[in-house]
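Position 1 is the first residue of the sequence; numbering continues from there.
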Amino acid sequence: MAVNGRVVIVGANGQLGSELVRAFAEDGRWAAVAVVHEEVEIADPASVRAMFAHHRPSLVVNTAAYHVAEAAGAELDFFRVNALGVKLLAEAARAEDIPLVQFSTDYVFGDGGTRPYHEGDTPSPLNVYGISKLAGEHVLRATHSRHYVVRVCGLYGRTGCRAKGGVNFVETVLRQADTGSPMRVVNDQIVSPTYAVDVARALPELVARAPYGVYHMVNPGACSWYEFAVQILELAGQRARLQLEPVSSASYYSSVVRRPPYSALENRALRAAGLPDLRPRTSAVAAYLQERMRTRA
């Protein structure tokens with residue numbers, strides 16, 4: 001556990017990283033340092049050492065990842081960033097005896113799910129992205145005892161996902177509603193859509209109060225992407241403006257990358273540590289929509 005000092009957030013211009021910078025700064029116990037890819041290459045030992053020497057952190061939070069699931073022939077890139085990069089950060093954090101927070105994913109789970117996965121469930125990733133992220137978790141545990149692995153699912157945030165052109169699923173649905181054109185949405189992937197703001201605001205308290213280990217951080221509940229799209233439109237008052245067509249993953253995706261049909265998560269370890277659960281999905285989406293209206297006013 002760690003309280004106070006300088007927290008370095010790697011991947012600080014991403015959808016989650018940008019929210020973490022705000023959350024730690026607002027928390028008042030930390031000096032938040034934003035680090036982007038142009039400043040550190042986590043798969044380069046010299047670059048990692050230079051970052052630690054320059055910033056002298058008390059805590060490092062890593063959100064950097066290679067996560068283009070559709071990428072073909074990029075197996076080495078997945079493991080270089082998601083496993084080797086984590087190992088180098090863990091070695092540097094161990095040398096300085098400071099905690100490291102590593103963000104992971106619901107994609108470490110795979111077939112057979114019928115209820116939200118908790119932290120004690122056995123991972124079974126279906127694609128190279130999930131395998132590489134699970135490898136990163138194992139490398140971290142083997143390298144440095146002072147660590148948190150935080151798994152998230154279905155993130156959407158105010159900054160948007162850089163790998164998806166700066167948008168998120170909520171924005172995609174709402175922009176499609178503005179056009180009035182029909183939209184195809186998969187209905188056979190069950191997830192826990194999660195507001196990045198809620199994850200970011202929960203993390204400072206986690207590292208202050210909770211023991212090291214693996215934690216899930218999601219807005220509670222499970223739904224398909226199609227069901228989530230319906231909920232977004234209803235909360236935004238635009239249900240009648242967009243015709244949604246539920247489709248299978250097989251007919252929607254052009255790649256052969258396997259995606260977990262059920263990867264919703266449960267925050268069991270968070271509650272066991274005596275920390276408050278994240279708010280329900282409906283409240284989180286409503287908050288996002290309110291913030292969206294406020295910033296566009």
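In this structure, CG on L89 lies 7.5 Å from CD on Q102, to the nearest 0.5 angstrom. With rounding to the nearest 0.5 angstrom, the CG atom of D277 is 10.0 Å from the CE atom of M217. With values rounded to the nearest 0.5 angstrom, C223 atom SG is found 12.0 Å from N187 atom CG. A distance of 9.5 Å separates CG of L88 from OG1 of T143, quoted to the nearest 0.5 Å. Taking CG from L59 and CZ from R29, the interatomic distance works out to 11.5 Å, rounded to the nearest 0.5 Å. Expressed to the nearest 0.5 Å, how far CG of N82 lies from CD1 of I42 amounts to 7.5 Å.
The shortest distance between side-chain heavy atoms of L235 and L289 falls below 4.5 Å. Residues V191 and F169 form no side-chain contact, since every pair of their non-hydrogen atoms from C-beta on lies 4.5 Å or further apart. For the pair F78/I131, no side-chain contact is recorded, criterion being any heavy-atom separation below 4.5 Å from C-beta on. P99 is listed as a side-chain neighbour of Y212, based on a closest heavy-atom distance under 4.5 Å. Using a 4.5 Å heavy-atom cutoff, the side chains of E245 and P182 are not in contact. Side-chain contact check for D198 versus R279: some heavy-atom pair is nearer than 4.5 Å. Between H216 and P116, the closest side-chain pair of non-hydrogen atoms is not below 4.5 Å. Side-chain contact between R151 and P123 is present, with at least one heavy-atom pair separated by less than 4.5 Å.
Between the R6 side chain and the V33 main chain, no donor and acceptor come within less than 3.5 Å of each other. Of the possible donor and acceptor atoms, one in the side chain of R146 sits under 3.5 Å from a partner among the backbone N and O of D97. Remark: side-chain polar atoms of R158 are not paired, donor with acceptor, to backbone N or O of E291 under 3.5 angstrom. Formation of a donor-acceptor pair under 3.5 Å by the E119 side chain with backbone atoms of A269 is found in this model. With hydrogens and angles ignored, the 3.5 Å screen pairs no side-chain donor or acceptor of D106 with any backbone N or O of A264. R259 places a side-chain N or O within donor-acceptor distance of the main-chain N or O of V257, the cut-off being under 3.5 Å. Here the side chain of T63 pairs a donor or acceptor atom with the backbone of G11 at under 3.5 angstrom. At least one donor-acceptor pair under 3.5 Å links the side chain of S192 to the backbone N or O of G221. Looking only at distances, a side-chain donor or acceptor of E39 sits under 3.5 Å from a matching main-chain atom of V36. Without hydrogens or angle criteria, K133 side chain to F103 main chain gives a donor-acceptor distance under 3.5 Å.
In terms of heavy atoms, H144 sits closest to H147 at O-ND1, 2.7 Å. Nearest heavy-atom pair, G130 versus N127, reported as atom, atom and distance to 0.1 Å: N-OD1, 2.8 Å. Shortest non-hydrogen contact noted between P276 and L270 is O-CD2, 3.6 Å. The two residues Y215 and A210 make their nearest non-hydrogen contact at OH-CB, 3.4 Å. The shortest non-hydrogen separation linking G17 to I9 is O-CG2, 3.9 Å. The minimum heavy-atom distance between L244 and V185, with the atom names listed, is CD2-CG2, 4.0 Å.
V86 is connected to Y66 through a chain of hydrophobic side-chain contacts under 4.5 Å among Ile, Leu, Val, Met, Phe, Trp and Tyr, so both are in one cluster. Note on V230: it clusters hydrophobically with L174, by side-chain heavy-atom contacts below 4.5 Å among ILVMFWY residues. Residue I98 is not grouped with residue V139 when hydrophobic side chains (ILVMFWY) are merged at heavy-atom distances under 4.5 angstrom, including chains of intermediate members.
Scanning for side-chain contact (heavy atoms from CB on, under 4.5 Å) contacts around P260 gives Y107, L126, S263, with sequence neighbours left out.
Salt-bridge annotation for E41 and R80: present, with a side-chain N of the basic residue lying under 4.0 Å from a carboxylate O of the acidic one. The pair R141-E137 counts as a salt bridge, with a side-chain nitrogen and a carboxylate oxygen less than 4.0 angstrom apart. Using a 4.0 Å cut-off between a side-chain N of Lys or Arg and a carboxylate O of Asp or Glu, E171 and R292 qualify as a salt bridge. Using a cut-off of 4.0 Å between Lys/Arg side-chain N and Asp/Glu carboxylate O, R94 and E91 are scored as not salt-bridged.
For D188 and S248, the side-chain atoms include no donor-acceptor pair closer than 3.5 Å.
E266 pairs in a side-chain hydrogen bond (donor to acceptor under 3.5 Å, both in side chains) with only one of the listed residues (R271, H118, R115), which is R271. Exactly one of L203, V207, V61, L140 qualifies for a side-chain contact (heavy atoms from CB on, under 4.5 Å) with Y148. That residue is V207.
Here the two rings, on Y156 and F228, have centers that are under 6.0 Å apart.
Its side chain within the 4.5 Å cluster rule, V108 clusters with F109, Y117, L134, I190, V218, Y262, L265 among the Ile, Leu, Val, Met, Phe, Trp and Tyr residues.
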